[in-house]
Amino acid sequence: MNRRPPTSSIDAPLPRAGEGICRKVAAASLWLAAHLPRLPLEALLQPPANAAVTDSRGSRRWIIATADNTLAAGLDLGLARVRRPALLALERQPLRERQSLETLACAAYGFGDRISFRVDEAGHDFGLPRFTLWLEIGASLKLFGGLQTLLDKIDREFAALGHSASFGVAPTLEAAAAIARANTRAVATLEELPDALAGLPLSVLTLPTDVLNLLADSGLTHTGEVLALPRDALGKRVGQATMNYLDRLTGAATDARRWYRPPARFARRLNFLDEIEDSERLAFPLRRLLGELACYLRARATGVQRLRLELAHVRADGVDHPPTAIEFNFSAATRDEALMLRVAREKLARATMPAPARSLTLLAEHFAVPTSSQHDLFDTRMHTDEEAAAVIDRLSARLGEQALWRPQCVEDHRPERAWRAAAVYEVTPSTTTLPRARPNFLLRRPQRLQRPPPIVGDVERIESGWWDGADARRDYFVCELERGTRGWAYVDRRDGQIYLHGLWA
Amino acid sequence: MSTSSPLSLEASLAARSDVWRGVHGARPPTEASGIASLDTRLPGGGWPLGALSELLLEASGIGELQLALPLLVRLTQAGRHVAFVAAPQLPYAPALARAGLVLTRTLVVDPQTSDEAANEAIGAAEQLLRTPAYGAVLAWMPNLREADARRLQLAAESSGNIGLIYRPARVAGSANIAALRLKLARRETRLEIEILKVRGGRSGARFFADEPAPLRAVISVDRRDAA
């Protein structure tokens, strides 16, 4: 599947913007197109070897991709079942297909920033949808050390995400796509383009079915023959839309598109082929979704601070169970896949599932740039901060977020309000004036003393809070308790009782 | 961070297990406690690194945290983290800030809401001790079984961190694997320290803790950091 176009013609120097023939188009762009024929299958979660993805229209249902490549795409499902009785037919999941394209677009962000993708649905029964992703590579060719190296890198990146593609390179988007589908050699300049297009079969072009039939009925088989026809005559037969397409194909017209930008929010759902009862088995879909998230985060050059997982359940015992939602924070923004996976698995292992799960959704909308690059070996302080954050994430996944906190000072005279348990992922340092001597330990709740203990040292009067209803009128003093314990106690001047509030630990 | 204290470099170096430092004789690597009367009596002059030190208390609230504060202050100001695990009361922010601790690098682990609080506390202490970022971990473990103590000891060894384990004085008779075991009690206004056991040194000394070295300079550094 991953045959690559030969690169001989690309070794010639690329034209610069505004040079020669390229002045006619906006700029001397060079486009890489990835043709993804197996995307409907690759978008699914772990399809078994006997799986086939089908498309349908009315009562017709046909195969568009099989896991083991044994049946021809376009084959009627009924016929396919005769040949392979054990075939597992799965409906296409257009939403997942689109999300997979988005993930690939995010992966492509590492190589250039003008990216676009498109799904061309088949215009007739038994036709195949086409998935194409484009990336402008003119600017990055040199950076990545030539076309072949760049293609290898992109291919590896796509393969790591579970996708296979054939690639085409040309100075126009549509020509690159046609070349990717035909799997022929790369073209560097507009001057070379007509020759390269001439030999392509019409089937690799993006033309409506009726136009393709019309051209075939006229005895035309190759692109060159169509492009050689008198323009006016052709236009009358095939219509303006097709003429516009041919102009974009040859570079006679510019191809204005909206470039892909990663959305402001990440939301992906994976439907399971079988229901999952055991949370251990959620690791696979989880890893897949987190891999897609990591890709998205790299494209946006940011990190995530908070994640939400949702498990949708099957209807069990006649009851519709609401989805199980699990939310958690990271102490520092991260895009470290391994860390996210570890924490999420720990969380899932602790969740109780009321019924088997049928899908997993991953949502992220709180982002922040990680405070340090994960590759900076020289800044040891950043390094230890990251280690410290990672262990906090593991612990809070295990113990719950409220079990971990940082002591923080608060500007208030009342001792119980002069501090707070700050969440570990908060970054605000406490800025406060330092008070008089205070005990190292504060009791969670003041404890009433039956007898007045011996007082050591001065009395400090604290009166505060009459404005917020937590009125305090107290006289604090250091006192001696049994076995050498030194306490911090106060007389509550409202009821005259003595309370222990702290320990001089 | 503009930590000008010469102790910071010393602290960061000393607390690293991957940096070999020439020492005279076979003295174990240590980090000064900052309590002069204690440091002069300990081999190597301070808390043993990569090991557990047990502090056995006659009662809570006798100055047991005060003994550890100079170490925590130096570590946090040098960019390292410290943790309190299963402390019996709330480590009080105003007092810690006043002592000079960098609170953004101070973690409190409070596993009391979970069912198996004691086990969770040991697990948490183990993970923190294992993490080089945490220069010191203070853990309150009244009932620490020997097998668990060994787990903690191994964790500390792997990172070179200091583990200070607070336990009641009644466990003093039990066997243990701690490198240092101190018994703490308040006599009048002062904290009395008795060295029950010390690896590579002589036990039996009983003395008073003197006040920690002045912290004024240290506090000004902390304020710059927080601002």
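To find a chain, count down the sequence lines: A is the first, B the second, and so on, and within it residues start at 1. Just the heavy atoms: all of them, side chains too, but no hydrogens, waters or symmetry mates, feed the values below.
For a residue to count as touching a neighbouring chain, one of its non-hydrogen atoms must lie under 4.5 Å from one of that chain's; by this rule Ala68(B) does not touch chain A. Of the atoms belonging to Leu69(B), it is side-chain heavy atoms, and not backbone ones, that fall under 4.5 Å from chain A. With a threshold of 4.5 angstrom between heavy atoms, Ala185(B) does not approach chain A through any atom at all. Only the side chain of Ile392(A) comes within contact range of chain B, judged by heavy atoms closer than 4.5 Å. Only the side chain of Leu395(A) comes within contact range of chain B, with at least one heavy atom under 4.5 Å from a heavy atom of that chain.
Proximity to chain B among residues 339-352 of chain A is limited to Arg350(A), judged by heavy-atom separations below 4.5 angstrom.
A salt bridge does not link Arg130(B) with Glu387(A): none of the charged nitrogens is closer than 4.0 Å to a carboxylate oxygen. Classification of Glu58(B) and Arg483(A) as a salt-bridged pair fails, no side-chain N sitting under 4.0 Å from a carboxylate O.
Residue Leu196(B) forms a side-chain contact (heavy atoms from CB on, under 4.5 Å) with just one option from Arg206(B), Glu54(B), Lys183(B), and that option is Lys183(B).
Closest approach of Ala99(B) and Val73(B) over heavy atoms only: O-CG2, 3.4 Å.
Of the listed residues (Thr131(B), Val109(B), Leu191(B), Leu90(B)), the greatest number of heavy-atom pairs within a distance under 4.5 Å of chain A belongs to Leu90(B). Per-residue counts of heavy-atom pairs under 4.5 Å with chain A were compared for Leu107(B), Leu128(B), Thr189(B); the largest is that of Leu107(B). Here Pro439(A) is the residue among Pro439(A), Gly400(A), Ala421(A) with the most heavy-atom pairs under 4.5 Å with chain B. Between chain A and the residues Ala83(B), Pro91(B), Ala87(B), Pro88(B), the largest count of heavy-atom pairs under 4.5 Å involves Pro91(B). Note: Gly61(B) leads Ala59(B), Ser60(B), Gly61(B) in heavy-atom pairs under 4.5 Å with chain A. Per-residue counts of heavy-atom pairs under 4.5 Å with chain B were compared for Val391(A), Val456(A), Leu503(A); the largest is that of Val391(A).
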Practice item. Would you check, one step at a time, whether the test salt bridge (Lys or Arg N to Asp or Glu O under 4.0 Å) holds for Glu327(A) with Arg306(A)? Key: CA-CA 7 Å; Glu327(A) 274 196 32; Arg306(A) 186 172 180 77; 2.5 Å; yes

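Atom-to-atom distance recorded for Met353(A):CE and Leu282(A):CG is 5.0 Å, nearest 0.5 angstrom. Rounding to the nearest 0.5 Å places CD1 of Ile462(A) at 5.5 Å from OH of Tyr476(A).
Around atom CZ of Arg493(A), more than 12 heavy atoms belonging to other residues, nucleotides or ligands sit under 6.0 Å away. Shown here is Asp495(A), whose CG atom has more than 12 heavy atoms of other residues, nucleotides or ligands within 6.0 Å.
Ring-plane geometry between Trp405(A) and Trp419(A) is classed as tilted, the angle between the planes lying from 30 to 60 degrees on a 0 to 90 degree scale.
Looking at residues two or more places apart in sequence or on another chain, you find a salt bridge (Lys or Arg N to Asp or Glu O under 4.0 Å) between Glu416(A) and Arg474(A).
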